[in-house]
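Remarks on the structure that follows.
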Amino acid sequence: MSFKFQNFDFLHLDSSFSEDELLVRRTARDFVEDNVIPIIEDCFREGRFPRELVPLMGRLGFFGANLEGYGCAGMSNVEYGLVTQELERGDSGLRSFVSVQSALVMYPIYTFGTDEQKNTWLPALATGEKLGCFGLTEPGFGSNPGGMTTTARKSGDEYILNGEKMWITSGSIADVAIIWAKVPSDNPAEDNKIRGFLVETDRRGFSAPEVHGKWSLRASVTSGLVLQDVHIPAANLLPGTGGLKSPFMCLNQARYGIGWGAIGAAMACYDTALQYAKARKQFHGQPIASHQLVQEKLVWMLSEISKAQLLSLHVGRLKDAGKVGHQHISMAKRNNVWMALETARMARDILGANGITEDYPIMRHMMNLESVKTYEGTHDIHALILGQHITGIAAY
Ligand code: TGC
Ligand code: FAD
């Protein structure tokens, strides 16, 4: 049995959204109901990314949604957040794909690229005709990307890249990889500065072996990236990049969307648990929703979802006003993903044995959220980012 999603708006937050924001949410919600929900359990079981949905998502303006020009939709940050919320109500893997394409591939080209790079890549990435990936993490450097060993050596009018990236979303389906690498230099002030490069994935020496055996984000492609003497033109350097701050700026964009996205996963779990609790009868023919302990769990979920919605909406308004700090985004990512994972666990509990099956979306969301808790900065790394902000002391 499965339930059709029933919207809820406990705090009347819809009255805080503009007509345009509600329209964007409606469009994304309809897309998910019509195109994602009917296939996603099969995709997850088969370990298949639903690539057939890419052109439609492109037409709906989901890629680079909050960028202007180049065929992008020019949405506000709140509108973009509502899109990621709805996508992740479908599946975290689909939201991951959109986050990477938008925040980690289009955003750096838009922010750090030349006009030629923008004109070459952004329109094709906006429609989904071309796909991208973002290579920061390495096998030995996850939370600490500053230790990366991938290099880009300048040689005449080329760079030669060597190294290995790991856990890269969309790696083996990407046409272009944004690769972060250290550039050796004779100038001590510049030596080993981290810079970003556009690497076409059909270049000789580039390979992207897919990661198999995941129990999480099974509807998303995850790969390693291997760079063995990959020659690229010097013009493929993203000239605006310089230092670790550049990839972190991209992460801010993606983490912001994840804060909203996690709310979507939690909404799906709560709504399923509520409908199930009202239908399932135990002891004296009473619905389990009539028991105090079950009600307490439902109230916890609704309260935490509502607080998370307020947090993301406020952070979104700050971002639209140009006043957001990366610490605000860390709080939203950390809190909302934790909240969604706890909600998924409670919702699974309310469904009893049924909760472990693919007949309901809860276990899939729970397994996905384990990755979401880890990527884009783990839960604990975001605690340390916030700890540094309030104490002035870095505890990494
Ligand atoms: P640190 O010395 O603190 O910082 C280096 C420079 O960067 C600046 N900075 C930031 N700037 C903008 N936004 C941020 N969020 C920033 N955080 C730091 C900082 O001010 C400094 O600037 P400057 O001018 O002084 O050079 O760097 P650190 O090496 O000590 O790192 C600290 C730490 C732990 C916060 C950082 O390493 C970190 O965030 N680690 C987590 C790594 C991470 O999130 N990786 C994500 C990989 S991509 C991914 O997971 C995609 S999943 C995609 C999907 O499927 O959705
Ligand atoms: P580690 O850094 O080894 O951390 C392991 C544990 O140690 C964590 O609990 C962590 O919080 C803790 N820890 C580490 N350092 C400290 C410290 N100083 N103090 C306290 N605790 C600490 N990366 C990309 O570049 N691009 C992608 O597209 C991408 N997609 C991903 C998709 C998936 C499905 C997954 C799972 C990961 C993806 N990643 C991607 C990688 C992701 O960003 C990293 O997994 C993440 O940054 C954590 O790194 P790690 O897994 O190496 O864990």
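As the structure lists them, so they are numbered: ligands from 1, and atoms in each ligand from 1.
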If you define the side chain from C-beta out and look only at heavy atoms, does anything of [X] sit under 4.5 Å from [Y]?
X	Y	result
R345	K297	no
H382	V337	no
L251	F134	yes
N66	E79	no
S170	L131	no

[atom]: protein heavy atom closer than 4.0 Å?
atom	answer
atom 37 (O) of ligand 1	yes
atom 18 (C) of ligand 1	yes
atom 11 (N) of ligand 1	yes
atom 44 (O) of ligand 1	yes
atom 25 (O) of ligand 1	no

Does any donor atom in the side chain of Y256 or N77 lie under 3.5 Å from an acceptor atom in the other side chain?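 On atom types as modelled, these side chains do not qualify, holding no pair under 3.5 Å.
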
Is E19 salt-bridged to R26, going by a charged N under 4.0 Å from an acidic O? no

Under a 4.0 Å heavy-atom limit, does [X] contact ligand 2 with its side chain, its backbone, both, or neither?
X	answer
T169	both
K165	neither
L136	both
T374	both

For T137 and ligand 2, does the shortest N/O to N/O distance drop below 3.5 Å?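 Between T137 and ligand 2, an N or O pair is found under 3.5 Å apart.
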
Can you name the one residue among H231, Q117, E200, E158 that meets side-chain hydrogen bond (donor to acceptor under 3.5 Å, both in side chains) with N236? E200

Could you tell me, atom by atom, which parts of ligand 1 come under 4.0 Å of a heavy atom of [X]?
X	answer
L251	43 (C), 44 (O), 45 (N), 46 (C), 48 (S)
L104	51 (C)
N252	12 (C), 13 (N), 14 (C), 15 (N)
R95	56 (O)

Inspect the surroundings of NZ in K214 and state if more than 12 heavy atoms from other residues, nucleotides or ligands are less than 6.0 Å away.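 Yes, the 6.0 Å shell around NZ holds more than 12 heavy atoms from other groups.
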
Check the orientation of F112 and Y107. Use parallel for under 30°, tilted for 30 to 60°, and perpendicular for over 60°. perpendicular

May I ask you to decide if the ring planes of Y270 and F8 are parallel, tilted or perpendicular, using 30° and 60° as cut-offs?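 Answer is perpendicular, since the angle exceeds 60°.
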
Quick one: does V211 get a heavy atom under 4.0 Å from ligand 2? no

Heavy-atom proximity to atom 27 (O) of ligand 1, best of Y375, F97, F248, Y396: F248

Nearest protein heavy atom with distance in Å, relative to atom 2 (O) of ligand 2: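 Closest protein heavy atom to atom 2 (O) of ligand 2: S143 OG, 2.7 Å.
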
Numbered atoms of ligand 2 (with element) below 4.0 Å of Y396, judged on heavy atoms: 18 (N)

N/O of G146 under 3.5 Å from N/O of ligand 1, yes or no?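 N/O-N/O distance below 3.5 Å does not exist for this pair.
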
